[in-house]
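Okay, so here's the structure we're looking at.
When reading the values below, keep in mind they use all heavy atoms of this one structure, side chains included, and skip hydrogens, waters and symmetry mates. Numbering of residues begins at 1 and proceeds along the displayed sequence. One-based numbering, in listed order, for ligands and for the atoms of each.
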Amino acid sequence: MARTMSGIQPTGNLHLGNYLGALVNFVELQRQYESFFCVVDLHALTQRPDPALLRRNVREVAIGMLASGVDPERATLFVQSDVPQHAELGWVLTCLTPLGDLNRMTQFKDKSAQQPENINAGLFTYPILQTADIALYRAEVVPVGDDQDQHLELARETLRRFNFVYGDTFPEPKTVRSKAPRVIGLDGEAKMSKSKGNEIGLFETADETLQKLRGAKTDPARLRKSDLGHPEVCNIFALHGFFTGDQQREEIAAGCRSAQLGCVDCKKMLAQNLELVKGPIRERAAALREAPGKLDEILAAGAEKARTAAAATMELVRERTGLRHR
Ligand code: AMP
Ligand code: TRP
């Protein structure tokens with residue numbers, strides 16, 4: 001069976017961008033692929049998180065993946081640092097990656113601007129570790145949002161180089177996009193993200209979400225309820241696209257254009273429909289938090305399976321690169 005692999009950083013609470021851009025595809029792909037889904041705590045170290053907070057976030061992201069429908073019977077769910085081969089293969093690939101390739105990465109520039117006091121080498125080599133994540137499981141498809149396009153392109157180039165230098169070893173990983181590869185935040189401008197504070201959290205209550213939606217940007221040309229609206233440029237209407245049925249959406253669009261429906265009511269409808277998805281996720285997450293032993297078991301079993309697959313790939317890599325000297 002072909003394999004899929006993806007990772008999420010434990011740098012904060014999961015939000016709708018993670019859910020719509022990545023998680024829904026994890027749940028879909030786990031039916032057709034041998035799946036490896038990973039909480040990438042080594043990547044998170046590039047932000048030098050408080051240790052207690054990192055530990056908490058690792059568990060919360062794992063809980064979020066399970067609550068969203070990742071099934072540990074089908075998919076291998078694990079924590080990156082439980083599998084030492086990620087760092088090991090990362091080094092081998094570091095030695096194959098030209099500095100010039102890393103210099104082009106826009107995420108490095110963005111992150112450096114976000115944390116000017118801590119521009120560490122890990123931020124720079126971050127995409128190589130990501131390439132190792134994918135290559136370790138010889139994954140063919142990688143479900144991610146479109147902010148990862150550049151990293152995936154670098155991964156393909158690096159693995160092509162490995163194959164050229166050492167002989168055919170790794171498949172070229174293809175990106176799989178969901179219907180929402182770029183969810184815009186509540187500011188109506190930037191990509192929804194933890195660092196921008198413009199997100200709807202996956203675990204938020206209905207009240208918290210409605211509160212946040214009240215302040216969210218809509219059609220910039222619609223200042224009063226009596227102004228005619230333009231749903232096609234409204235980010236709230238775009239979100240309806242993922243949570244609201246066709247008929248209600250048509251009614252909303254017509255009401256907005258004719259100024260019969262105000263933004264507040266439109267937002268309330270979105271909050272209600274969101275709750276139909278978020279409510280059950282929140283409940284499943286709460287149940288998982290109540291049973292920390294169960295989460296430990298799932299992650300231990302996942303780590304075991306991931307290590308077995310990783311060890312097999314590293315055998316091959318050691319053989320091909322001459323790292324096996326006996
Ligand atoms: P991160 O939280 O940065 O580790 O992202 C985890 C996954 O969510 C990656 O596949 C991202 O591409 C995806 N993702 C993050 N933010 C968004 C967004 N606003 N829209 C779509 N996908 C996103
Ligand atoms: N860099 C990804 C992000 O910020 C997370 C990630 C790490 C990842 N390793 C990966 C995604 C491997 C896909 C495959 O979202």
Side-chain angles (χ1 to χ4, degrees), residues 3-27 29 33 35-47 49 57-58 60-62 64-65 68 70 78-81 83 86-87 89-90 93 105-108 110-111 114 122-123 125-156 158-159 173-202 235 238-239 241-242 306 310:
R3 285 177 172 173
T4 183
M5 193 279 158
S6 193
I8 298 189
Q9 291 194 75
T11 46
N13 292 328
L14 292 172
H15 54 73
L16 282 188
N18 301 134
Y19 180 73
L20 294 172
L23 282 167
V24 290
N25 265 347
F26 292 10
V27 176
L29 291 171
Y33 290 88
S35 303
F36 294 85
F37 300 130
C38 182
V39 184
V40 291
D41 55 351
L42 296 174
H43 279 102
L45 274 192
T46 59
Q47 299 183 31
N57 281 338
V58 164
E60 282 294 302
V61 168
M65 289 194 194
S68 298
V70 168
F78 66 105
V79 179
Q80 192 182 28
S81 65
V83 184
H86 286 255
L89 182 56
L93 298 178
M105 296 293 119
T106 55
Q107 188 171 303
F108 171 67
D110 293 348
K111 289 263 167 77
Q114 275 169 29
L123 271 188
T125 58
Y126 177 112
I128 308 180
L129 182 59
Q130 180 166 353
T131 304
D133 297 343
I134 298 166
L136 207 42
Y137 304 98
R138 309 174 78 236
E140 290 176 40
V141 300
V142 181
V144 279
D146 76 359
D147 57 349
Q148 296 303 310
D149 283 357
Q150 225 186 8
H151 289 168
L152 265 288
E153 193 51 45
L154 183 129
R156 283 187 284 272
T158 305
L159 296 179
K174 283 198 285 290
T175 306
V176 192
R177 295 199 181 180
S178 72
K179 276 184 255 165
R182 167 167 295 247
V183 177
I184 301 300
L186 295 177
D187 52 9
E189 285 165 20
K191 181 191 81 161
M192 185 176 283
S193 77
K194 302 164 219 185
S195 58
K196 287 260 162 46
N198 63 358
E199 79 279 18
I200 294 182
L202 201 53
N235 188 41
L239 286 173
F242 306 112

Grab the two heavy atoms, one from [X] and one from [Y], that are nearest each other, plus how far apart they are.
X: G90; Y: A132; value: N-CB, 3.6 Å
X: D41; Y: S81; value: OD2-OG, 2.5 Å
X: L159; Y: P173; value: CD1-CD, 3.9 Å

Could you check [atom] against the protein and tell me its nearest heavy-atom contact, residue, atom and distance included?
atom: atom 5 (C) of ligand 2; value: G7 O, 3.5 Å
atom: atom 9 (N) of ligand 2; value: D133 OD2, 2.6 Å
atom: atom 10 (C) of ligand 2; value: Q130 CG, 3.4 Å
atom: atom 1 (N) of ligand 2; value: Y126 OH, 2.7 Å
atom: atom 15 (O) of ligand 2; value: Q148 NE2, 3.3 Å

For ligand 2, which atoms, with element, lie under 4.0 Å from some heavy atom of [X]?
X: V142; result: 13 (C), 14 (C)
X: V144; result: 11 (C), 13 (C)
X: H43; result: 7 (C), 9 (N)
X: M5; result: 12 (C), 14 (C)
X: V40; result: 7 (C), 9 (N)

* May I have the step-by-step check of side-chain contact (heavy atoms from CB on, under 4.5 Å) for I128 and T158, ending in yes or no? => CA-CA 8 Å; I128 308 180; T158 305; 5.6 Å; no

For the atom pair [atom1] ([X]) and [atom2] ([Y]), what is the distance rounded to the nearest 0.5 Å?
X: L42; Y: Q130; atom1: CG; atom2: CD; value: 12.5 Å
X: N18; Y: Q9; atom1: CG; atom2: CD; value: 10.0 Å
X: L23; Y: F26; atom1: CG; atom2: CZ; value: 5.5 Å
X: T125; Y: F108; atom1: OG1; atom2: CZ; value: 9.5 Å
X: M5; Y: R138; atom1: CE; atom2: CZ; value: 15.0 Å
X: L129; Y: Q80; atom1: CG; atom2: CD; value: 5.0 Å

May I ask you to check whether [X] has an N/O atom sitting below 3.5 Å from an N/O atom of ligand 2?
X: Q9; result: yes
X: S6; result: no
X: Q107; result: no

* **Residue contacts for ligand 1, heavy atom to ligand atom, distance under 4.0 Å** => I8, Q9, H15, G17, N18, G21, A22, V144, G145, D147, Q148, A180, P181, R182, V183, K191, M192, K194

* Asked: Taking 4.0 angstrom as the limit, do D149 and R177 come out as a salt bridge?
  ->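 Looking at D149 and R177, the cut-off is met.
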
* **Results of side-chain contact (heavy atoms from CB on, under 4.5 Å) for E189 - residues two or more places apart only** =>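 For E189 the side-chain contact (heavy atoms from CB on, under 4.5 Å) partners, ignoring immediate neighbours, are D187.
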
* Name the orientation class of the two ring planes belonging to Y137 and H86 (parallel below 30°, tilted from 30 to 60°, perpendicular beyond 60°). =>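 Y137 vs H86 ring planes: tilted.
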
* Structural part of I134 in contact with ligand 2, heavy atom criterion under 4.0 angstrom ->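 Side chain only; the backbone of I134 stays clear of ligand 2.
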
